[in-house]
Amino acid sequence: DAGITQSPRHKVTETGTPVTLRCHQTENHRYMYWYRQDPGHGLRLIHYSYGVKDTDKGEVSDGYSVSRSKTEDFLLTLESATSSQTSVYFCAISAGAGEQYFGPGTRLTVT
Amino acid sequence: KNEVEQSPQNLTAQEGEFITINCSYSVGISALHWLQQHPGGGIVSLFMLSSGKKKHGRLIATINIQEKHSSLHITASHPRDSAVYICAVNRNTGNQFYFGTGTSLTVIP
């Protein structure tokens with residue numbers, strides 16, 4: 001299994017609070033991705049990174065920010081969580097134009 | 001409109017049946033992926049295809065680049081095959097992936 005961990009695995013938070021999800025890899029892969037998975041939508045890209053301090057927006061980036069200060073860590077921040085951000089969040093990594101390897105997911109509930 | 005469309009959305013089969021899941025895409029791609037997600041579980045890669053056909057155990061994946069279509073076949077289906085199967089594509093520009101909404105498969109003993 002690719003070495004990808006996500007933390008926390010489950011979180012319940014209140015509307016308006018900030019939340020940070022962490023993705024950690026031990027594979028030294030260049031590309032890292034944050035997706036959300038919702039019923040009827042499949043996986044949708046939030047943000048991705050193509051190197052340290054190099055990030056770009058995906059199709060559903062509003063309300064989210066990311067940071068990548070080290071190759072191994074990719075952080076996703078919800079500055080002020082809303083109920084519409086209740087979802088399962090997956091981190092993924094890839095070495096390039098090839099397979100993606102997914103983390104175990106984080107289930108976030110915003111009440 | 002999604003760049004990647006899968007059919008059917010839901011599929012129930014008896015154990016032992018031959019199963020086909022279809023994926024169509026509308027963009028130029030460098031590769032197509034089939035992924036598997038068990039209930040409450042993580043996502044694992046089954047196949048990456050850029051042409052032709054690949055086989056792994058009871059699973060077979062095919063792709064027709066001209067028709068922009070791929071199929072995932074499961075022979076002699078088993079209840080442990082019950083999962084969501086997701087089609088995803090690498091566009092041939094950039095390094096982003098686009099995903100279908102998945103096919104939920106239930107195999108009944």
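Every chain is numbered from 1 and lettered A, B, ... according to where its sequence line falls, protein lines coming before strand lines. These figures come from a predicted structure and were not determined experimentally.
Here CG of B:L35 is found 8.5 Å from CD of A:Q100. Values are rounded to the nearest 0.5 Å.
Hydrophobic cluster membership differs between B:F99 and B:I29, with clusters built from Ile, Leu, Val, Met, Phe, Trp and Tyr side chains linked at under 4.5 angstrom. Residues B:I21 and B:I86 do not share a hydrophobic cluster, clusters being chains of Ile/Leu/Val/Met/Phe/Trp/Tyr side chains in contact below 4.5 Å. In terms of hydrophobic clustering, with Ile, Leu, Val, Met, Phe, Trp and Tyr side chains grouped at heavy-atom distances under 4.5 Å, B:Y98 and A:Y31 are assigned to different clusters. Hydrophobic clustering, with ILVMFWY side chains joined whenever heavy atoms are under 4.5 angstrom apart, groups B:L11 together with B:V107. B:F18 and B:Y85 sit in two unconnected hydrophobic clusters of ILVMFWY residues. Membership requires side-chain heavy atoms under 4.5 Å apart, directly or through other members.
In terms of heavy-atom proximity, A:E99 sits nearest to B:S45 at OE1-OG, 3.0 Å. Of all heavy-atom pairs between A:Q37 and B:Q37, the closest is NE2-OE1, 2.8 Å.
Annotation for A:R107: atom CZ does not count as buried by contact number, only 12 or fewer foreign heavy atoms lying within 6.0 Å. The environment of B:E15 atom CD is dense: over 12 non-hydrogen atoms of other residues, nucleotides or ligands sit within 6.0 angstrom.
Contacts between A:L43 and chain B at a heavy-atom distance below 4.5 Å involve backbone atoms as well as side-chain atoms.
Annotation: residues 48-64 of chain A contacts chain B through A:Y48, A:K57 [non-hydrogen atoms, separation under 4.5 Å].
Between A:Y35 and B:F97, the distance from one ring center to the other does not fall under 6.0 angstrom.
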Could you walk me through whether A:F90 and B:I43 satisfy the side chain to side chain contact (heavy atoms under 4.5 Å, CB included) test, starting with their C-alpha distance in whole Å, then the side-chain angles of each, then the deciding distance to 0.1 Å, before giving a yes or no? CA-CA 9 Å; A:F90 284 96; B:I43 300 168; 4.0 Å; yes

